[in-house]
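Before any comments, here is the structure.
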Amino acid sequence: MGQRSAARASLLGHIGSGPMRRQRPQPEQPAPAEAQRQAEIEQELLLARDIQQGLLLEAVPQLPGWEISAVSLPARDLGGDLYDFLSFDGHIHGIMIGDVSGKGLPAALRMAVARTVFRHEARKGMKPGVTLAEVNRGVLADIPQGMVTMLYTLLDLETGSLRIANAGHNFPIVIDGTLREVELTGLPLGVDAESDYREEAYQLHHGDTVFFFTDGVVEAMNHSGEMYGDDRLQRVLAETAGQRPRAIVARLLQELRQWSENMQADDITLVVVRRRCARLGEELRLVIKDVLGHERGGEFIAQLPWPSDDTPAKGWAEIIPDLVRRTQAQFGRGLARELHGQMRLVLEEYK
């Protein structure tokens, strides 16, 4: 934004004063070639941002039995936050989130190198702690004077077990009826070539969620210079416990926008991973509350002839058209259409 503001300011013409007043010196007008080059740079930065965001969005997988929502909002045209997902043989999936020192274009370049180094090492299929140790050596070699925080976990899709290693990143938070920080420490990448990273295992049960984030969340500042902080974050997570990942992300981003009055000073990245409910009826209740809103959805469900949560997908497929008609009658065609699409997606997973 600074470059664009400077360009606009330099293009402002001088507004002349009356003939009896001393003329203010006119700012120099940029040469046409210089102005054209400035416009080209801005366009290239926007294109680079689109590419960066596209790479992040494409990395988010659809995992059977799981639901994921991820977002990365750079403070400038380009950001230094990153996340990644890797699929291994069988039912093991890798999840990484990281934060590169600096902002803007330099941070984005470091981010691209860090992601490449991570992918190279992670594809070897080693444990998270060993992988981070190897990535650390790669960062020291390829990103001089650049520090990276990174958290890497291996998720077993069938059992729900997490195996986590942490290189100086924010602790992940498990939401399982309570909020639990997985307190696992380690030096950031790019500090010491001999750093080792220990691991910790955690179990996610059906309906549990794990929340990953970068420090742009808790360090978001309001107009008084006060940080958003861990306490406010945990309050929002407690209030949204049991909701789907996209609802948690939407609520938190709304809170952060209000807190900072839309003046984002640091990159913000969220990755929310939830294990779906064991019974289809429980999952469909969450879908209704997600689409209609938590309170309104709960009131709507209470009015319905709700079958057993153990009803198989085929039975629910016969019931859904009536639920959609009722939704349209009470809330309109748009919400009814969205509810129908969301419920159909869930049915496909439970067949």
Side-chain angles (χ1 to χ4, degrees), residues 66 68 70 80-101 110-111 113-143 146-176 178-205 208-219 230 233-234 237 269-275:
W66 297 80
I68 299 173
D81 284 0
L82 66 157
Y83 60 75
D84 207 355
F85 299 85
L86 288 174
S87 180
F88 297 99
D89 292 338
H91 45 83
I92 304 299
H93 215 91
I95 304 170
M96 179 272 283
I97 185 169
D99 185 355
V100 176
S101 59
R110 294 190 188 105
M111 175 269 217
V113 175
R115 184 176 186 266
T116 300
V117 173
F118 165 76
R119 286 208 146 200
H120 174 74
E121 298 299 339
R123 283 179 174 141
K124 296 176 182 178
M126 299 177 293
K127 293 180 179 180
V130 177
T131 297
L132 286 186
E134 293 299 324
V135 175
N136 177 52
R137 285 185 272 275
V139 167
L140 281 163
D142 297 333
I143 313 179
M147 190 175 69
V148 182
T149 68
M150 186 176 288
L151 186 140
Y152 179 43
T153 182
L154 288 178
L155 170 64
D156 188 318
L157 301 181
E158 293 183 355
T159 67
S161 69
L162 288 172
R163 194 167 188 88
I164 304 170
N166 190 356
H169 199 77
N170 302 85
F171 299 151
I173 300 173
V174 175
I175 308 169
D176 58 358
T178 61
L179 300 182
R180 305 171 186 266
E181 283 189 325
V182 183
E183 297 185 9
L184 189 60
T185 59
L187 281 177
L189 308 177
V191 174
D192 182 358
E194 302 303 319
S195 292
D196 291 323
Y197 299 94
R198 64 184 182 91
E199 300 173 8
E200 186 167 321
Y202 206 94
Q203 180 66 40
L204 291 179
H205 300 284
D208 290 351
T209 296
V210 60
F211 177 84
F212 305 100
F213 64 105
T214 57
D215 59 12
V217 175
V218 293
E219 294 180 4
D230 292 294
L233 170 61
Q234 296 212 7
L237 295 181
T269 297
L270 310 172
V271 176
V272 186
V273 180
R274 173 180 166 270
R275 191 177 188 187

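Keep in mind the model is a prediction, meaning the values are calculated, not measured. These values consider heavy atoms only, across backbone and side chains, with no hydrogens, waters or symmetry-generated copies. For the single chain, residues carry numbers from 1 onward in sequence order.
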- Note on the structure: CZ (Arg110) and CG (Leu82) are apart, to the nearest 0.5 Å, by 13.0 Å
- Rounded to the nearest 0.5 angstrom, the CE-CZ distance for Met96 and Arg119 is 8.5 Å
- Does the side chain of Leu237 reach to within under 4.5 Å of the side chain of Ile175, using non-hydrogen atoms? yes
- Task: Could you tell me which non-hydrogen atom of Ala114 sits nearest to which non-hydrogen atom of Val100, and how far apart they are?
- Result: CB-CG2, 4.5 Å
- Evaluate whether atom CG of Asp196 has more than 12 neighbouring non-hydrogen atoms of other residues, nucleotides or ligands under 6.0 angstrom away. no
- Message: Has Glu199 got a side-chain atom pairing as donor or acceptor with Gly129's backbone, closer than 3.5 angstrom?
- Response: yes
- Task: Mark yes or no for whether Thr214, through its side chain, and Thr269, through its backbone, hold a donor-acceptor pair below 3.5 Å.
- Result: yes
- Note on the structure: When every non-hydrogen atom of Gln234 is compared with those of Leu179, the smallest separation belongs to O-CD1, 3.2 Å
- Item | Close side-chain approach of Val174 and Thr209, heavy atoms under 4.5 Å | no
- Take Phe171 and Val182 through the side-chain contact (heavy atoms from CB on, under 4.5 Å) test and state the conclusion after the steps. CA-CA 6 Å; Phe171 299 151; Val182 183; 5.6 Å; no
- Item | Minimum heavy-atom distance between Val273 and Leu155, given as atom pair plus value | CG1-CD2, 4.4 Å
- Message: Please determine whether side-chain contact (heavy atoms from CB on, under 4.5 Å) holds for the pair Tyr202 and Thr153, giving the CA-CA distance in whole Å, both sets of side-chain angles, and the decisive distance to 0.1 Å.
- Response: CA-CA 10 Å; Tyr202 206 94; Thr153 182; over 6 Å; no
- Task: Any chance you could measure Asp230, atom CG, to Glu219, atom CD, to the nearest 0.5 Å?
- Result: 9.5 Å
- Item | Side chain proximity check, Leu204 to Thr159, heavy atoms < 4.5 angstrom | no
- Query: Passes side-chain contact (heavy atoms from CB on, under 4.5 Å), Asp156 versus His91? Steps please.
  - Reply: CA-CA 6 Å; Asp156 188 318; His91 45 83; 2.9 Å; yes
- Out of curiosity, Thr185 OG1 to Glu183 CD, how far, rounded to the nearest 0.5 Å? 9.0 Å
- Ionic contact status for Asp208 with Arg274, cut-off 4.0 Å: no
- Show your reasoning for whether side-chain contact (heavy atoms from CB on, under 4.5 Å) applies to Ile95 and Tyr83. CA-CA 8 Å; Ile95 304 170; Tyr83 60 75; over 6 Å; no
- Message: As a quick check of understanding, evaluate side chain to side chain donor-acceptor pair (under 3.5 Å) for His169 and Asp99, giving each step before the final call.
- Response: CA-CA 8 Å; His169 199 77; Asp99 185 355; 5.9 Å; no
- Query: Looking only at heavy atoms, what is the nearest atom pair of His93 and Ser87, with distance?
  - Reply: CE1-CB, 3.4 Å
- Message: If we ignore hydrogens and angles and just use 3.5 Å, is the side chain of Trp66 paired with the main-chain N or O of Leu157 as donor and acceptor?
- Response: yes
- Note on the structure: In short, Met147 meets Pro188 closest at the heavy-atom pair CG-CB, 3.6 Å
- Output for pair (Leu184 CG, Leu151 CG), nearest 0.5 Å, gives 7.5 Å
- Can you tell me how far the CD1 atom of Ile92 sits from the CG atom of Leu86, to the nearest 0.5 Å? 13.0 Å
- Considering all heavy atoms, the nearest Leu132-Leu189 contact: O-CD2, 3.6 Å
- Does Glu134 reach the main-chain N or O of Met126 with its side chain, forming a donor-acceptor pair under 3.5 Å? no
- Task: For the pair Tyr197 (side chain) and Leu187 (backbone), establish whether a donor and an acceptor sit closer than 3.5 Å, ignoring hydrogens and angles.
- Result: yes
- Query: Got a donor-acceptor contact below 3.5 angstrom from the Asn136 side chain to the Asp192 backbone?
  - Reply: yes
- Tyr152 meets the ring-ring contact (aromatic ring centres under 6.0 Å, His included) criterion, sequence neighbours left out, with Phe118
